[in-house]
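Structure first, commentary second.
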Amino acid sequence: RVLWGDWRGHTSMSTPAHLDVDSSTRAALAEEGLALVCRVRSLCCALRVSHVVETMRPQPVEPLTSAPGFVMGVAVIRGVVVPVVDVGALLGSLGPPRPTRFITLAIGKRSVALAVEGIVGVRILPHDTLEELPPLLRDASLDAVERIGTLDASLLVVLRTARIVTDAVLSALTRDRSARSAASRT
């Protein structure tokens, strides 16, 4: 059994060799308004691409003793022990998680995996539009947000930048992408 907090002291965590994109490239991608849109239970949410390392099929998860309910446990991703957060549970969903993908985020020199139900794709979301969308954590319990802040303040900072993508915005993004795709073929 692994206790909550043990993953942060793991020696491999300080070696970000598995990160595919350097921090300056991530910052440039964020300025372009690129966001990874994913499904979390019945919601769609957008994460700034600048925080995303990669997406992958779920890996085996080792449960943690004394971890909050939204922490599924830890997984070994690219040889590194990484905590896995069930975003649906974080948002208060009582149903069991059915993740089809993990999204690995860069949190400083560490990584955290988010368990989500699906990936919609990378979309151009202008900064103004992204900021107008409701915050991902708006419906999360105050207790859950406080626990994240206590356990990992840097993760809380990243999650506070995530947004819920409304159906209207998702439809507009899909139309825009289809139009750009059709224009590039002509």
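Between the CG atom in L155 and the CD1 atom in I148 there is a gap of 5.5 Å [rounded to 0.5 Å]. Here the CD-CZ distance, from Q59 to R78, works out to 9.0 Å after rounding to the nearest 0.5 Å. For the atom pair CG of L34 and CZ of R48, the computed distance is 11.5 Å after rounding to the nearest 0.5 Å. Atom OG of S111 sits about 8.5 Å away from atom CD of E54, to the nearest 0.5 Å. Between I119 atom CD1 and C44 atom SG the span is 10.5 Å, to the nearest 0.5 Å.
For residues 134-151, no pair satisfies salt bridge (Lys or Arg N to Asp or Glu O under 4.0 Å), with sequence neighbours left out.
The two atoms that bring G73 and L64 nearest to each other are CA-CG, 3.8 Å, heavy atoms only. A pairwise comparison of heavy atoms in C45 and V40 identifies SG-CG2, 3.7 Å as the closest pair.
Contact annotation: the side chain of L47 approaches that of L114 to within less than 4.5 Å [non-hydrogen atoms, C-beta and beyond]. Residues T55 and V116 fail the side-chain proximity criterion, which asks for heavy atoms closer than 4.5 Å.
By the side chain to side chain contact (heavy atoms under 4.5 Å, CB included) test, D128 is found to be paired with no residue, residues two or more places apart in sequence or in another chain being considered.
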Distance-only check: which donor-acceptor pairs under 3.5 Å involve side-chain atoms of residues 161-172, not counting sequence neighbours?
| unit_1 | atom_1 | unit_2 | atom_2 | d |
| --- | --- | --- | --- | --- |
| T161 | OG1 | V158 | O | 2.6 |
| R163 | NE | L130 | O | 3.3 |
| R163 | NE | L133 | O | 3.4 |
| R163 | NH1 | R160 | O | 2.9 |
| R163 | NH2 | E131 | OE1 | 3.2 |
| T166 | OG1 | V169 | N | 3.3 |
| S171 | OG | D167 | O | 3.1 |

Side-chain donor-acceptor contacts of residues 82-103 below 3.5 Å, not counting sequence neighbours, with atom names and distances?
| unit_1 | atom_1 | unit_2 | atom_2 | d |
| --- | --- | --- | --- | --- |
| D86 | OD1 | R41 | NH1 | 3.0 |
| D86 | OD1 | R41 | NH2 | 3.4 |
| D86 | OD1 | G88 | N | 3.1 |
| D86 | OD1 | A89 | N | 3.4 |
| D86 | OD2 | R41 | NH2 | 3.1 |
| S93 | OG | R41 | NE | 3.2 |
| T100 | OG1 | E117 | O | 2.6 |

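Hydrophobic clustering of Ile, Leu, Val, Met, Phe, Trp and Tyr side chains at less than 4.5 Å, counting indirect connections, keeps V157 apart from F70.
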